[in-house]
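Here's the structure, in structure tokens; my notes come after.
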Amino acid sequence: MIVVSDWQKALIRWFRRHGKSYPWRETKDPYKILVSELMLQQTRIRTVLDKRFYENWLEKFPDIETLARADESEVLKAWEGLGYYNRARNLQKAAREIVEKHHGKFPEKHEQVLNLPGVGPYTAGAVCSFAYDMPLPIVDGNVVRVLSRVLQYKKPVDTSAGRKTLWQEAERLTCQSSPADYNSAIMELGQQICLKGTPKCGQCPVSSFCGSKDSPDAAALPQKSKPVPVTRKTEEVALLLCEGRVLLTTETGSRRKGLLRLPLLEEIDANDLELIGQITYSITRYQVEMRIFGNPYYKKFQKRTHFATGEWFDLTEELPALGAPYLKAIEQFTESKSGNL
DNA sequence: AAACCGGGGAC
DNA sequence: GTCCCAGGTTT
């Protein structure tokens with residue numbers, strides 16, 4: 001049986017000694033914290049930090065009003081490469097809602113925060129505990145791993161019953177006096193100590209509370225119910241270059257909504273295209289083999305052809321936001337041949 | 001409840 | 001190759 005106050009004390013003590021410093025931990029501004037939380041949904045901290053997404057975003061959109069007024073294309077450009085682009089669109093929607101419904105002032109009630117677009121139970125709890133010191137539980141991937149091991153919860157965690165149980169346990173264990181440090185602590189424990197494969201039980205500050213301590217089946221927790229089947233697909237795209245411009249079309253459907261892409265081969269009617277390369281990438285449950293067809297420099301168009309779909313964009317200027325594979329394809333096939341465009 | 005939504009790093 | 005990351009929304 002866990003003595004809750006001892007559990008909290010041990011975690012917080014460890015965190016205050018070993019916790020890392022992140023930009024979003026140096027602020028109490030709810031907007032800045034919301035930005036970090038949206039960026040970090042299903043995204044590693046290193047990705048956000050290494051590519052400077054967070055810093056660049058706050059430089060471009062330092063406050064809610066600026067974000068609310070921005071063009072969506074600008075918002076998506078700042079998110080380019082991060083993935084899950086609805087997060088960026090929701091962040092701007094949230095900013096616009098705050099301007100309209102809350103007179104530009106970030107809402108201070110948990111329920112209001114929870115009602116913002118793109119904000120679910122985790123993000124609302126994170127924003128309110130970090131910015132306002134509200135004693136709210138949060139359950140992210142780290143907390144799921146820590147709690148399922150500590151409590152030896154062996155049922156699947158990715159069911160409504162599993163989620164309900166873990167949220168209840170998180171609420172029972174959460175800290176009233178230092179909720180921000182506690183929530184940071186339990187997540188960081190999952191990140192530094194309670195690792196996916198081989199947890200470092202020898203270094204764990206709460207191993208004495210843990211039902212899975214040094215147990216071989218700790219690595220088997222948390223249990224997941226649904227393995228995701230991968231479907232293989234091929235995609236034939238056209239990389240058309242002419243007079244220093246590239247032909248792009250808009251994404252259709254919900255995937256990468258609002259971004260641009262290389263046109264599908266079937267969307268255009270161009271002769272004499274050659275297979276110039278292949279890139280394999282994964283998107284959600286698909287593994288895509290992208291076959292790239294182009295007009296090599298020696299067959300370059302004499303002038304920019306008008307196609308039924310697509311628009312020519314100047315490569316010397318900033319392109320609109322593109323999905324990562326298309327950006328990669330363009331970079332790969334323009335850097336060495338740029339003199340021949 | 002299940003499907004969908006990106007991209008990349010760790011293993 | 002597989003797993004999963006400071007999850008949320010839609011169907």
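Basis for what follows: all heavy atoms, side chains included, without hydrogens, waters or symmetry-related copies. Residue numbers begin at 1 in each chain, while the letters A, B, ... track the order of the sequences. Remember, predicted model here, so these are calculated numbers, not experimental data.
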Exam field: side chain Arg256(A) to backbone Gly323(A), donor-acceptor pair closer than 3.5 Å = no
note = Winner on side-chain proximity to Asp140(A), out of dG7(C), dG7(B), dC5(B), is dG7(C)
message = What is the separation between atom CD1 on Ile279(A) and atom P on dG7(B), rounded to the nearest whole Å?
response = 12 Å
request  = Would you indicate whether Glu26(A), at its atom CD, is surrounded by more than 12 heavy atoms from other residues, nucleotides or ligands within a distance under 6.0 Å?
outcome  = yes
ask   = Side chain of Met187(A): nearest nucleotide among dC4(C), dA6(C), dG1(C)?
value = dA6(C)
Phosphate-side-chain proximity, Asn142(A) and dA6(C), N/O vs OP1/OP2 below 4.0 Å = yes
task = Would you mind telling me which of dG6(B), dG8(B), dA6(C) lies closest to the side-chain atoms of Ala324(A)?
result = dG8(B)
ask   = OP1 or OP2 of dC5(B) less than 4.0 angstrom from a side-chain nitrogen or oxygen of Tyr286(A), does that happen here?
value = no
Atom-pair distance (NZ on Lys257(A); C1' on dG8(C)), nearest Å = 16 Å
task = Select base, sugar-phosphate, or nothing to describe what Tyr281(A) touches, counting heavy atoms under 4.0 Å on all strands.
result = nothing
query = Taking atom NZ of Lys60(A) as the centre, does the number of heavy atoms from other residues, nucleotides or ligands within less than 6.0 Å exceed 12?
reply = yes
request  = Take Ser160(A) and Ser254(A), find for each the nucleotide of DNA chain B with the closest heavy atom, and name the residue whose nucleotide sits nearer the 5' end.
outcome  = Ser160(A)
ask   = Quick one: OH on Tyr326(A) to CD1 on Ile292(A), what's the gap to the nearest 0.5 Å?
value = 10.0 Å
request  = State whether the distance check finds a donor on one side and an acceptor on the other, under 3.5 Å, for side chain Arg25(A) versus base dA6(C).
outcome  = yes
key: Side chain of Gln42(A) (C-beta onward), nearest among dC3(C), dG7(C), dG8(B)   = dG7(C)
task = Mind checking Gly190(A) for me? I need base, sugar-phosphate or nothing, with any heavy atom below 4.0 Å counting as a touch.
result = nothing
ask   = For Asp50(A) and dG7(B), what is the distance between atoms CG and P respectively, to the nearest whole Å?
value = 18 Å
key: Atom pair distance, as rounded to whole Å: CG in Leu40(A) and C1' in dA6(C)   = 5 Å
query = How far, in whole Å, is dA3(B) from dA6(C) if one measures between their C1' atoms?
reply = 23 Å
ask   = More than 12 heavy atoms of other residues, nucleotides or ligands under 6.0 Å from NZ of Lys200(A): is that the case?
value = no
When you compare the protein's N or O atoms with those of nucleotides 9-11 of chain C, which come within less than 3.5 Å of each other, and at what distance?
from	atom 1	to	atom 2	distance (Å)
dT9(C)	OP1	Gly118(A)	N	2.8
dT9(C)	OP1	Val119(A)	N	3.4

message = Could you check whether atom CZ of Arg172(A) has more than 12 heavy atoms from other residues, nucleotides or ligands sitting under 6.0 Å from it?
response = yes
ask   = How close or far is atom P of dA10(B) from atom CD of Gln191(A), stated in whole angstroms?
value = 12 Å
message = Measuring to OP1 and OP2 of dC4(B), would you say a side-chain N or O of Arg285(A) lies under 4.0 angstrom away?
response = yes
ask   = Rounded to the nearest Å, what distance is computed from the CG atom of residue Leu38(A) to the P atom of nucleotide dC5(B)?
value = 19 Å
key: Arg255(A) vs dC5(B): side-chain N/O to OP1/OP2 distance below 4.0 Å   = yes
key: Whole-Å P distance, dG6(B) and dT11(C)   = 14 Å
inquiry  = Under 3.5 Å, is there any donor-acceptor pair linking the side chain of Thr43(A) to the base of dG6(B)?
reply    = yes
ask   = Any sub-3.5 Å donor-acceptor pair from Arg89(A)'s side-chain atoms to Lys257(A)'s backbone N or O?
value = yes
task = Give a yes/no on whether any side-chain N or O of Arg145(A) is located under 4.0 angstrom from OP1 or OP2 of dC5(C).
result = yes
remark   = When rounded to whole Å, the CD1 to C1' distance for the pair Ile45(A) and dC4(C) reads 14 Å
ask   = Any side-chain N or O of Lys226(A) less than 4.0 Å from the OP1 or OP2 oxygen of dA1(B)?
value = no
inquiry  = Does a side-chain N or O of Arg256(A) approach OP1 or OP2 of dG7(B) to a distance below 4.0 Å, or not?
reply    = yes
request  = Check the pair Glu243(A) / Arg304(A) against salt bridge (Lys or Arg N to Asp or Glu O under 4.0 Å), numbers first and verdict last.
outcome  = CA-CA 7 Å; Glu243(A) 298 172 334; Arg304(A) 294 199 300 276; 2.9 Å; yes
note = Per nearest nucleotide of DNA chain B, the residue lying toward the 5' end, Gln41(A) or Thr47(A), is Gln41(A)
query = With sugar-phosphate meaning primed atoms plus P, OP1 and OP2, does Gly141(A) contact a base, only sugar-phosphate, or nothing at under 4.0 Å between heavy atoms?
reply = sugar-phosphate
ask   = Among dA6(C), dG6(B), dG8(B), which is the nearest nucleotide to the side chain of Tyr122(A)?
value = dA6(C)
inquiry  = Side-chain N or O of Thr123(A) versus OP1/OP2 of dG8(C): is the shortest distance under 4.0 Å?
reply    = yes
request  = Give the ring-plane orientation class for Trp312(A) versus Phe307(A), where under 30° counts as parallel, over 60° as perpendicular and anything between as tilted.
outcome  = tilted
inquiry  = Between C1' on dG6(B) and CG on Leu322(A), what's the gap in Å once rounded to a whole number?
reply    = 14 Å
